[in-house]
Structure formats: C-alpha cells, structure tokens
Amino acid sequence: MPQKEMELSLVFPGAEERRVVAVNVGVMSYNDERAALLRRRYREAEIVVFNVMSSPGAGKTELLARTLDAVGAPSAVIVGDLATDNDARRLRGVQGNRPVAQIMTGGVCHLEAAMIERALAALPLEGVRLLAIENVGNLVCPAGFDLGEDFRVVLFSVTEGEDKPLKYPKMFKHADAVVVNKMDLAAAAGFDRSAAGENLRLVAPGVPVFWLSARSGAGMASWLEFLRRRIHA
Amino acid sequence: MHEAGLMARVLEIAARHAEEAGAGRIRLIALRVGALSGVEKESLRFAFEALKPGTPAREAELLIEEVPLRGSCEACNIEFAADGLYGIALCPSCGEPVAAVAAGEELEISYLEVI
C-alpha cells in the first residue's frame, strides 16, 4: 500500500519512535469474566435466572410481583433501584416471605455483575428455583452488562409508543422475550399493536412477544407458561 | 450513559498493557466501536479528555474506528452490511430481517502506540 509507505517514511532521525502494542481486549471484559463466574454459580445451585429490563415506569415491579406470586416456583428477587419500601413489600409477595435484595446503585444507570455478586451474599437462596433480577429502569445501559442470566426479558408499555424497539435496538436484539405491558390501556393510548409487532419483527425477528396487562391479568397465562417452560428446561 | 466509567476502564487496560510492554508513555489509544455498541462517540471523547490527566495516556490521542453493523442470514448463508437505521438488518437475498449480528457490537481496545 503506497499510503502505508508514506507513513513509514515520516519516521525520521531525531523524532520519537513509537511502538505499536496490540491489545485486542474488550472494554467489557472485566464484567464478562464476573458474569461467567455468576453463570457457573447459578448452574451449581440449579437456579434459573432472568434479567428484566425496561424504561422507568413500564411496570417491571408490577409484572414481577404478579408473575412470581403466580408462577408456582420458589423465587427470589434482586432489584436494582432506589426502591422504596413499598416496592420491596410488593416483591416480597403475598405472604411477605420471598427473599428480596435491593441494590442501591447510587446513580449508576445499570447493574453490573460485581453488584450481583455482592447482592447474592445477602440473599438466602436455599430452596429457590427462580431468581428474577429487576434492572435499573433504562433501555440503553443495561443492555451491555451481562449478569450471568439464563435469559433476558425486555418490557415496554403501550403508553411508550410503538417505536420503542427502533429507538433501542441493542436492547431488543438481545431480548429472549419481550413483554408489552398495560394492554388494558392500549385503546386510550392510541397504541397500534400491529405496528409495534412489525417493529419488533424488524429489529428482533423470532423473539417471543407477550401482550398483557400485569394489572388486569389479561394475557398473563401464556407469559407464565413461557416462564414455567424455561424453569423446567 | 456510562461512557465515563467505560473510559476509566479503557485507560486502566491501556496503562496495564503499556507497562507490560515496558513503555513509559502512551501516545495513542485505538478503539473499535460498533454501530450497535450502545456507546456515544462524543461522550467517549469527552470522557477521554476529562480522565486522561494523571495517567500514562495524559498526552495521548484517541482514535475511534467505527465498525458498521453486519448481519448474518442463516437461511441464505450470507453475511452482509446492514445499511438500515435502527439496527435493522434486512438480508439482501431473501429480504427478511435477521437477528444475528456478525459485527457492529464491538467495544474494544485494538492497539496502542507507545514510547
């Protein structure tokens, strides 16, 4: 390449000589290593782990509280948020005995594997079969951080609009399941279900999509069935 | 976004590799940043300028190589450049959207120039 030769000829006597050091290291490698350790730990404990991600206010806590009460497997939750007592109480379940660990991220926009390690130290997992991780409400940053989970669930609600998948493609491309929540408000929000479905197909073809309302319970059955299949897979 | 945290990690990895190579100063850090890496170039540059003082890279420049999104269609057994917006990768052969990403999610340090 003539251009390369020109570059080389620029090194003249007296100039500092630069050396090239090949690195080829991913910036996320530290988190990826921690996540691999977590994954092994979940396997050994025979716990199925899923990571739930959405914008703030899409209904993660509501979905998880209703889901874990109904799924029929002993569960625990790690919630990354500046969660109030109210949120934690909802996640502790109707009998109030579900183990819940809160991670105060102190302004950090996502959960990292090292935070999960610390949360697990305080979480009694004896007999637990299903661990839900409620990520920080954010559709950008959490996408890049592997938490060692078995699968990822991305949630958005009808009030956020049909184009959510187009705005946050990285998040949706890595989803193993998508939940569209608050379907009971679809008409009031002017939500176009077929447009949303087409956007999901373009960005994340083949991903299972569950159209439901966590609050009314409509559509919850097939979502719970999906979870049960994953638990017994 | 967390570009400052990521850049702190970049500077740490770069300093370690420079030290292992017996170099005192870093003159250039070359990054490969995928179109779908989820990070913003301008924020990375800002974080680099803000964080480099006091590190072996204090006089270094940042080179960002952008990696476009490439999809991979299993049905047609081809890899292709996805020119669509929004992370949409349509196979040029069958016209169907594909989920598999062949390139474009990178966020890595490719090399350093040191003295």
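Letters A, B, ... mirror the listed sequences (proteins, then strands); counts begin at 1. Because the structure is predicted, anything quoted here is derived from the model rather than measured.
B:Val98 touches chain A through its backbone: at least one of N, CA, C or O sits under 4.5 Å from a heavy atom, while the side chain does not. Proximity to chain B is absent for every atom of A:Tyr168, based on heavy atoms less than 4.5 angstrom apart. Heavy-atom distances place the side chain of B:Leu90, and not its backbone, under 4.5 Å from chain A. Contacts of B:Ala30 with chain A are absent, with no heavy-atom separation under 4.5 Å from either backbone or side chain. For chain A, no part of B:Glu106 is nearby; none of its heavy atoms comes within less than 4.5 Å. Using a 4.5 Å cut-off between heavy atoms, A:Lys173 contacts chain B through its side chain alone, with no backbone atom that close. Interface remark: B:Ile13 contributes side-chain atoms only to the contact with chain A (heavy atom separation under 4.5 Å).
Here the rule is side-chain contact (heavy atoms from CB on, under 4.5 Å) with A:Lys182, and of A:Val158, A:Leu63, A:Leu155 only A:Val158 fits it.
Side-chain atoms of A:Asp146 do not come within 3.5 Å of backbone N or O of A:Asp32 as any donor-acceptor pair.
Of the charged side-chain nitrogens involved, none lies within less than 4.0 Å of a carboxylate oxygen, so that B:Glu113 and B:Arg27 do not count as a salt-bridged pair. Of the charged side-chain nitrogens involved, at least one lies within less than 4.0 Å of a carboxylate oxygen, so that B:Glu66 and B:Lys41 count as a salt-bridged pair. Between A:Arg19 and A:Glu17, no side-chain nitrogen of the basic residue sits less than 4.0 Å from a carboxylate oxygen of the acidic one, so the salt-bridge criterion is not met.
Between A:Phe50 and A:Trp223, the angle of the ring planes goes over 60°, which puts this pair in the perpendicular group of the 30/60° scheme.
Note on B:Ala99, B:Ser110, B:Ala14: by heavy-atom pairs under 4.5 Å with chain A, the leading option is B:Ser110. Top candidate by heavy-atom pairs under 4.5 Å with chain A, chosen from B:Ile88, B:Val10, B:Ile26, is B:Ile88. With chain B as partner, the option from A:Met28, A:Met171, A:His174 having the largest number of non-hydrogen pairs under 4.5 angstrom is A:His174. The candidate with the highest count of non-hydrogen atom pairs below 4.5 Å against chain B, out of A:Arg201, A:Lys170, A:Lys167, is A:Lys170. Each of B:Leu28, B:Leu107, B:Val114, B:Val101 has some count of heavy-atom pairs under 4.5 Å with chain A, and the biggest count is that of B:Val114. Top candidate by heavy-atom pairs under 4.5 Å with chain A, chosen from B:Met7, B:Arg32, B:Arg9, is B:Arg9.
To the nearest 0.5 Å, the span separating CD1 on A:Ile103 from CD1 on A:Ile78 amounts to 5.5 Å.
Applying the salt bridge (charged side-chain N to carboxylate O under 4.0 Å, His left out) rule to pairs touching residues 13-22 of chain B yields nothing, sequence neighbours excluded.
Taking the ring-ring contact (aromatic ring centres under 6.0 Å, His included) definition, one finds that A:Phe172 meets it with A:Phe156, sequence neighbours left out.
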